[in-house]
Amino acid sequence: MILSTKSLSIGYKKTCIQQHLNLQIRTGEMICLIGPNGCGKSTLLRTLCGLQKPISGSFELKEKDFKLLTTNEKALLFAFVLTDKVSIDNMTVVDLVFTGRYPHTTWLGNRTKKDKLKVDEAIDMVHLSHKKNSFINELSDGEKQRVMIAKALAQDTALIFLDEPSSHLDLPNRVDIMLLLHRLAKETNKAIVLSTHELDLAIQTADKLWLMHENGVETGEPDSMKIKILIEKTFASNSVEIDSTTGNFKLKI
């Protein structure tokens, strides 16, 4: 078990968005966090990454109370890829990916042979070796997102969080990123947890879904009957009909 929450309640100040969450994350699995807008997906990820405090409850990383971990200990346990567009001038792919090694280096930031190997491996995993010396501003949006994933891989943590990693991408790149993350979870035995609005891709690529709705978070495999029923109920509207098996929708015309 990499992470577990105990009766966790999340929100802002005195406004509780979700409460009594008991969730678990294991190695080698890709978890997709799905749900309607405003239900608290990003809030949950930001809470689990320590970017905001929980309202109540607690959670553990590698059986250690999160509140007792130092900043460097957290950086050695998990990486977090934000949804923001990457806009960096005068920095190459390899230099940006190297920043993922900072938790492992001295205060001088010296690069060891091991650091260089980890960076090269991470860049190769996301199929960008041919662009390693290119400047970030020369890359496409899909390639930039791959660089940020490589940075998280170079950090060499057991757990990676991603907040809507495909939100700024076109359809082919959205598919590529989701398939890449699924493959990396299996090949590296890391746990990958990501929030997404891509319902169809989540159902087809995730090992497990965290379906957030107004009454909590339901967890399970995409093909479980309970999850399927809840998907249809959660995303139901007067405009579309959801296929809970594929995540595709049909307009009600």
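L48 places none of its side-chain heavy atoms less than 4.5 Å from the side chain of V193. Between F66 and L77, the closest side-chain pair of non-hydrogen atoms is not below 4.5 Å. Residues M30 and L194 meet the side-chain proximity criterion, which asks for heavy atoms closer than 4.5 Å. Residues P222 and I227 have side chains not in contact (no heavy-atom distance under 4.5 Å, counting atoms from C-beta outward). No side-chain heavy atom of R101 sits under 4.5 Å from any side-chain heavy atom of Q155. Residues R174 and L171 are in side-chain contact: their nearest non-hydrogen atoms beyond the backbone lie under 4.5 Å apart. Side-chain contact check for L61 versus L3: some heavy-atom pair is nearer than 4.5 Å. Side-chain contact between I149 and L153 is present, with heavy atoms from C-beta onward closer than 4.5 Å.
Distance check, rounded to the nearest 0.5 Å: CG of L199 to CD1 of I203 gives 4.0 Å. Atoms OG1 and CG, on T47 and L44 in that order, are 6.5 Å from each other to the nearest 0.5 Å. Between L162 atom CG and T196 atom OG1 the span is 10.5 Å, to the nearest 0.5 Å. Taking CG of L201 as the reference point, atom CD1 of I177 lies at 11.5 Å (rounded to 0.5 Å). Within the model, atoms CD of Q204 and CD of E198 stand 11.5 Å from one another, a figure rounded to the nearest 0.5 Å. Between the CG atom of L45 and the CD atom of E164 there is a distance of 9.0 Å, given to the nearest 0.5 Å.
Put simply, the residue from I17, L33, V217 that forms a side chain to side chain contact (heavy atoms under 4.5 Å, CB included) with K41 is L33. Screening K208, K233, K226 against E218 for a salt bridge (charged side-chain N to carboxylate O under 4.0 Å, His left out) leaves a single residue, K226.
L51 and I160 end up in different hydrophobic clusters when Ile, Leu, Val, Met, Phe, Trp and Tyr side chains are linked at under 4.5 Å. Residues L23 and I192 are members of separate hydrophobic clusters, defined by side-chain heavy-atom contacts under 4.5 angstrom among Ile, Leu, Val, Met, Phe, Trp and Tyr. L128 is connected to I136 through a chain of hydrophobic side-chain contacts under 4.5 Å among Ile, Leu, Val, Met, Phe, Trp and Tyr, so both are in one cluster. Linking ILVMFWY residues whenever their side-chain heavy atoms come closer than 4.5 Å, directly or via other members, leaves V126 and F135 in distinct clusters. Side-chain heavy atoms closer than 4.5 Å link hydrophobic residues (I, L, V, M, F, W, Y) into clusters, and following such links, possibly through other members, connects I88 to V119.
Formation of a donor-acceptor pair under 3.5 Å by the Q145 side chain with backbone atoms of P165 is found in this model. No donor-acceptor pair closer than 3.5 Å links the side chain of E29 to the backbone N or O of A185. With hydrogens and angles disregarded, a donor-acceptor distance shorter than 3.5 Å links the side chain of D115 to the backbone of T112. For the pair S9 (side chain) and I55 (backbone), a donor-acceptor distance under 3.5 Å is absent. Between the side chain of N22 and the backbone N or O of S7 there is at least one donor-acceptor pair closer than 3.5 Å.
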Inset, instruction - Kindly indicate, with the supporting measurements, whether the criterion side chain to side chain contact (heavy atoms under 4.5 Å, CB included) is fulfilled by H213 and L230. - result: CA-CA 9 Å; H213 53 96; L230 197 52; 3.6 Å; yes
Inset, instruction - Take D156 and K190 through the test salt bridge (Lys or Arg N to Asp or Glu O under 4.0 Å) and record every step on the way to the result. - result: CA-CA 9 Å; D156 198 21; K190 297 180 185 297; 3.6 Å; yes
Legend entry - Criterion side chain to side chain contact (heavy atoms under 4.5 Å, CB included) on F98 and K116, from CA distance to verdict: CA-CA 8 Å; F98 252 116; K116 293 177 181 178; 3.5 Å; yes
Legend entry - Audit row: R46, I10, side chain to side chain contact (heavy atoms under 4.5 Å, CB included) steps and yes/no: CA-CA 10 Å; R46 291 175 62 84; I10 60 173; over 6 Å; no
Legend entry - Check against side chain to side chain contact (heavy atoms under 4.5 Å, CB included), S134 and E143: CA-CA 11 Å; S134 298; E143 289 170 335; over 6 Å; no
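More than 12 heavy atoms of other shown residues, nucleotides or ligands fall within 6.0 angstrom of atom CD in E138. Within 6.0 Å of CD in E221 there are 12 or fewer heavy atoms belonging to other residues, nucleotides or ligands.
The pair D176-R183 does not count as a salt bridge, with every side-chain nitrogen at least 4.0 angstrom from each carboxylate oxygen. Ion pairing of K186 with D207 is present here, as a side-chain N (NZ or NE/NH1/NH2) and a carboxylate O approach within less than 4.0 Å. Between D243 and K228 there is no salt bridge, since no side-chain nitrogen of the basic residue lies less than 4.0 Å from a carboxylate oxygen of the acidic one.
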